[in-house]
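Working notes, structure below.
Since the structure is predicted, the reported quantities are computational estimates derived from the model, not experimental observations. We use all heavy atoms of the structure for the numbers below, so side chains are in, but hydrogens, waters and symmetry mates are not. The sequence lines fix the lettering, A, B, ..., with proteins before strands; numbering per chain opens at 1.
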Protein chains: 2
Amino acid sequence: MRIGQLAARTGLTTKTIRFYESAGVLPAPARRPSGYRDYDEDAVDRLAFVKAAQAAGLSLAEIREIITVRASSGAPCQHVLALLDSHAADLDRRIAELTALRADVERLRSRAGTLDPATCSPAAVCQVIPADVVAQPVPTT
Amino acid sequence: MRIGQLAARTGLTTKTIRFYESAGVLPAPARRPSGYRDYDEDAVDRLAFVKAAQAAGLSLAEIREIITVRASSGAPCQHVLALLDSHAADLDRRIAELTALRADVERLRSRAGTLDPATCSPAAVCQVIPADVVAQPVPTT
DNA sequence: CTAGGGCTTCCACTGCGCTGGAAGGTCAAG
DNA sequence: CTTGACCTTCCAGCGCAGTGGAAGCCCTAG
């Protein structure tokens, strides 16, 4: 099938599918004489795997690595399990960070009612946010 | 004081301080005849505010907006409170998403032990990650 | 024959908060 | 006078997962 139909069947855009090919998570398909990409059914399965792995929080780089392991040394189960463990640990850390941040924000919120706007110095901008907020900046990852 | 000393006193780099100026969260300071930036004590307070606001999860754009409100219409308390509320709601959403994702990963992990590697098809890459993973991809924001 | 929809490539851009480096000016100590 | 630390500007790039657009080819229907 051509890329448009693959896109329709997977819910991705043609742009994204070409991007996945360049990112190494989808093998380059056969080409028709016209130069059009010509996909087989495996491509649908592969894209389903990519979506599922993304939903499990894996990056395209990690997904590519899994695929490489699979291609070179058979079942990547151990590798995948290690990745999942590492991601679970990441998630625990991030959840803890965000929860702490949530508590700090709540603390600021509830403290705000006790403040007198007149005591707010210009250089400090706003005393609702004091200089001793506890939580560290949240890493985006 | 010059930018290097301000950096030393705030724990930021000179690069970051110049970047903050260009981002509109730190006013352009006076200049010496040499062209060197010459900061006063207020700059220390301002940078402390920026750090605290960042620690509270605010973006530089939001911090700049708070500063603008402060400069134009006095105390930005209401604005800041609204921002904090909105961020608290964001945090609740993100924590819920990550918690759901964490549960999904755990589910995959524990299910993995029951699988037979021999039933793993090449196109699907790895059956540890099946196509019906529930959670949606986590938005980075 | 022409219009259109689909396909190709390539390059640039998004958001965010910096960080690195190049090329050059300034200033105090030795 | 020279060295070296410090400062200036500007331009580029990171990571991530795409998205947008331009220029041009392929194919089919009317």
Protein-nucleotides 16-18 of chain C N/O pairs closer than 3.5 Å?
residue	atom	partner	partner atom	Å
dG17(C)	OP1	Leu60(B)	N	3.4
dG17(C)	OP2	Leu60(B)	N	3.4
dC18(C)	OP2	Tyr20(B)	OH	2.7
dC18(C)	OP2	Gln54(B)	NE2	2.7

Using atom CZ of Arg32(B) as one end and atom P of dT8(D) as the other, report the distance to the nearest whole Å. 10 Å
Does Arg18(B) have a side-chain nitrogen or oxygen under 4.0 Å from the phosphate oxygens OP1 or OP2 of dG20(C)? no
Take Arg109(A) and Asp85(B), measure what salt bridge (charged side-chain N to carboxylate O under 4.0 Å, His left out) needs, and give me the verdict at the end. CA-CA 8 Å; Arg109(A) 243 319 327 216; Asp85(B) 283 348; 2.7 Å; yes
Do Asp92(A) and Arg102(B) pass the salt bridge (charged side-chain N to carboxylate O under 4.0 Å, His left out) test, and can you show the C-alpha distance, the side-chain angles, and the key distance before you say yes or no? CA-CA 8 Å; Asp92(A) 287 343; Arg102(B) 177 69 175 82; 2.6 Å; yes
Using a cut-off of less than 4.0 Å, is there contact between a side-chain N or O of Arg37(B) and OP1 or OP2 of dT8(D)? yes
Testing the basics here: between Leu81(A) and Ala112(B), what is the closest heavy-atom pair and its distance to 0.1 Å? CD2-CB, 3.5 Å
Take atom CD of Glu21(A) and atom C1' of dC10(C), then tell me their distance rounded to the nearest Å. 14 Å
So, taking the atom named CG in Leu6(B) and the one named CG in Asp40(B), what distance separates them when rounded to the nearest 0.5 Å? 9.5 Å
Closest non-hydrogen atoms of Ile63(B) and Val50(B), given as atom of the first, atom of the second and distance, are CD1-O, 3.8 Å
Would you mind reading off the distance between Met1(B) atom CE and dC6(D) atom C1', rounded to a whole angstrom? 16 Å
Please lay out, stage by stage, how Glu65(B) and Arg70(B) fare under the test salt bridge (charged side-chain N to carboxylate O under 4.0 Å, His left out). CA-CA 8 Å; Glu65(B) 209 192 340; Arg70(B) 165 85 202 187; over 6 Å; no
Expected string for nucleotides 22-30 of chain C under the B/S/- scheme (protein heavy atoms, under 4.0 Å, primed atoms plus P, OP1, OP2 as sugar-phosphate) is ---BBS---
In short, Arg2(B) meets Tyr39(B) closest at the heavy-atom pair C-CD1, 4.2 Å
State, to 0.1 Å, how close Ser59(B) and Glu62(B) come at their nearest heavy-atom pair, and which atoms those are. N-OE1, 2.9 Å
Would you please confirm or rule out a distance under 4.0 Å between OP1 or OP2 of dC16(D) and any side-chain N or O of Arg64(A)? no
